[in-house]
J.: 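First the structure, which I've put down as structure tokens, then a few questions once you've had a look.
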Amino acid sequence: MKIAVVLLNWNGQKLLEQFLPALVQYSPEATLYLADNASTDDSVAFVKASFPTIQIIENSSNLGFAGGYNIALKTIDAEILALVNTDVEVTKNWLVPIIETFKTEPKTAIIQPKIRDFKNPEFFEYAGAAGGFIDQLGYPFCRGRIFDSLEKDVAQYEDDCEIFWASGACFFIRNTVYKELGGFDADFFAHQEEIDLCWRAKNRGYTIKYNSKSIVYHIGGATLNQGNPRKTFLNFRNSLFTLTKNLPQKKLFYVLFIRLILDGIAGVRFLWQGKWKHVFAILKAHFSFYFLFVSIYKKRDVNQMENYYEMKSVVISYYLRKKTVFKKQK
């Protein structure tokens with residue numbers, strides 16, 4: 001089974017210097033690629049000189065996570081695509097259990113490994129942890145991470161279970177499925193495009209799995225940190241994009257209405273904290289959503305799954321009931 005490990009890079013030479021040695025050492029089963037989004041540093045020159053076995057794909061401009069991968073992956077014919085952030089450290093034999101699952105489970109289209117925090121290795125990491133789910137209003141959360149609360153990994157998620165979405169930090173997908181779905185939605189640019197892709201895969205009957213036997217460590221926020229208003233804009237806008245494209249029709253406008261109200265409450269909270277740039281980021285996200293609503297709505301698939309959520313409200317569970325640990329429920 002041919003597998004391609006593809007890193008999307010934009011001015012990440014320091015990260016490449018730090019994490020490429022382990023990737024090269026521990027990935028003998030794969031062909032390695034660097035897809036560069038028109039970096040202005042010496043990333044490409046560094047990789048060519050230091051890791052000549054890594055194949056280089058140079059995009060003509062910075063197309064973001066979604067567009068950058070879409071362009072780069074067109075040229076790769078491997079059966080399995082492994083999309084790995086440049087701030088991820090892989091471990092010995094990390095590819096072996098993933099390949100085995102794809103070989104033995106033909107309906108499994110997407111897989112995520114266990115993602116621990118590089119800076120605090122005993123804990124799960126924010127972007128994916130032990131697999132992602134959403135609540136009835138489309139708020140994402142993970143086994144091992146509810147909002148900003150991270151769990152310590154004490155072997156509580158060793159089951160290789162079905163999940164709703166896999167993290168884009170380390171994302172495995174069958175190439176045929178990626179092409180069938182048309183890849184990531186380039187309108188997202190970055191953030192939450194993997195949730196949209198997974199939801200579309202689910203709507204077509206594909207299975208998404210978490211594999212506990214494959215372990216990686218992720219820094220998180222190395223390209224765009226949590227406090228950046230640009231990240232606030234993308235997260236708020238792209239969340240509305242995802243709901244518009246994938247919610248069942250009978251729930252769509254009700255859920256969007258509630259989410260717009262809750263976004264307003266989030267804006268008031270930022271205002272109270274004096275974070276004016278984040279308030280404007282939310283307003284900008286809403287205006288962008290309104291402007292693009294018709295074009296985004298036209299991207300809806302014919303079928304949307306009805307039973308899409310793991311719990312009714314992760315917001316109520318977390319903020320009112322003070323439940324900071326994942327527990328399977330409806």
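These numbers come from the heavy atoms of this one structure, side chains and all, not from hydrogens, waters or symmetry mates.
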J.: Under the side chain to side chain donor-acceptor pair (under 3.5 Å) test, which residues partner Gln25, sequence neighbours left out?
T.: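 Checked Gln25 against side chain to side chain donor-acceptor pair (under 3.5 Å); zero matches.
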J.: Could you check if a side-chain atom of Val314 sits within less than 4.5 angstrom of a side-chain atom of Ile134, using non-hydrogen atoms only?
T.: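 No; the side chains remain at least 4.5 Å from each other.
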J.: Please round to the nearest 0.5 Å and tell me the distance separating atom CG of Leu15 and atom CG of Leu7.
T.: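 Spacing of CG (Leu15) from CG (Leu7) equals 10.0 Å.
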J.: Is atom CD1 of Ile316 surrounded by more than 12 heavy atoms (other residues, nucleotides or ligands) closer than 6.0 Å?
T.: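 No, not enclosed.
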J.: Any heavy-atom pair between the side chains of Ile76 and Leu81 that's under 4.5 Å?
T.: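 In contact.
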J.: Which residue is it: Lys202, Lys299, Lys245? I am looking for the one with a salt bridge (charged side-chain N to carboxylate O under 4.0 Å, His left out) to Asp196.
T.: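 Among Lys202, Lys299, Lys245, the one meeting salt bridge (charged side-chain N to carboxylate O under 4.0 Å, His left out) with Asp196 is Lys245.
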J.: Show me, pair by pair, the donor-acceptor contacts under 3.5 angstrom made by side chains of residues 248-268, not counting sequence neighbours?
T.:
from   : atom 1 : to     : atom 2 : distance (Å)
Gln249 : OE1    : Tyr297 : OH     : 3.1
Gln249 : OE1    : Arg300 : NH2    : 3.4
Gln249 : NE2    : Tyr297 : OH     : 3.3
Arg259 : NE     : Tyr139 : OH     : 3.4
Arg259 : NH1    : Leu137 : O      : 2.8
Arg259 : NH1    : Ser239 : OG     : 3.4
Arg259 : NH2    : Ser239 : OG     : 2.7
Asp263 : OD2    : His286 : NE2    : 2.9

J.: Kindly indicate whether a cation-pi arrangement holds for Arg237 with Phe289, taking the cut-offs as under 6.0 Å to the six-membered ring centre and within 45° of the axis.
T.: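 The answer is no, since Arg237 fails at least one limit relative to Phe289.
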J.: Is the backbone N or O of Asp36 less than 3.5 Å from a side-chain atom of Asn9, with the two atoms forming a donor-acceptor pair by type?
T.: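 Judged by distance alone, no pair lies under 3.5 Å.
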J.: Regarding Trp10 and Ser43, is there a side-chain donor-to-acceptor distance under 3.5 Å anywhere?
T.: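 Side-chain D/A pair, Trp10 to Ser43: absent.
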J.: Please say which of Glu125, Arg116, Lys119 ends up in a side-chain hydrogen bond (donor to acceptor under 3.5 Å, both in side chains) with Tyr217.
T.: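 Between Tyr217 and the candidates, side-chain hydrogen bond (donor to acceptor under 3.5 Å, both in side chains) is satisfied uniquely by Arg116.
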J.: Indicate yes or no: does Glu58 engage Lys48 in a salt bridge with an N to O separation below 4.0 Å.
T.: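 The answer is yes: the pair qualifies as a salt bridge.
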J.: Step through it carefully: locate the ring centre of Trp199, locate the ring centre of Phe164, and say whether they are under 6.0 Å apart.
T.: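 Between Phe164 and Trp199, which both carry aromatic rings, the centre distance is below 6.0 Å.
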J.: So with a 6.0 Å cut-off around CD of Glu122, is the heavy-atom count from everything else above 12?
T.: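 Result for CD/Glu122: open.
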J.: Any idea how Tyr319 and Phe147 line up, ring-wise: parallel (<30°), tilted (30 to 60°), or perpendicular (>60°)?
T.: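 Plane angle between 30° and 60°, so tilted.
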J.: Is it possible for you to check whether Lys284 lies under 6.0 Å from the centre of the six-membered ring of Phe233, through NZ or CZ, and within 45° of that ring's axis?
T.: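 That pair qualifies as a cation-pi contact.
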J.: Step through it carefully: locate the ring centre of Phe133, locate the ring centre of Tyr309, and say whether they are under 6.0 Å apart.
T.: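 No, they do not, as the ring centres are separated by 6.0 Å or more.
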J.: Suppose the criterion is side chain to side chain donor-acceptor pair (under 3.5 Å): which pairs have a residue in residues 173-182, not counting sequence neighbours?
T.: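 Checked against side chain to side chain donor-acceptor pair (under 3.5 Å) - neighbours excluded - the pairs reaching residues 173-182 are Asn70-Tyr178, Asn175-Lys179, Glu180-Arg204, Glu180-Tyr206.
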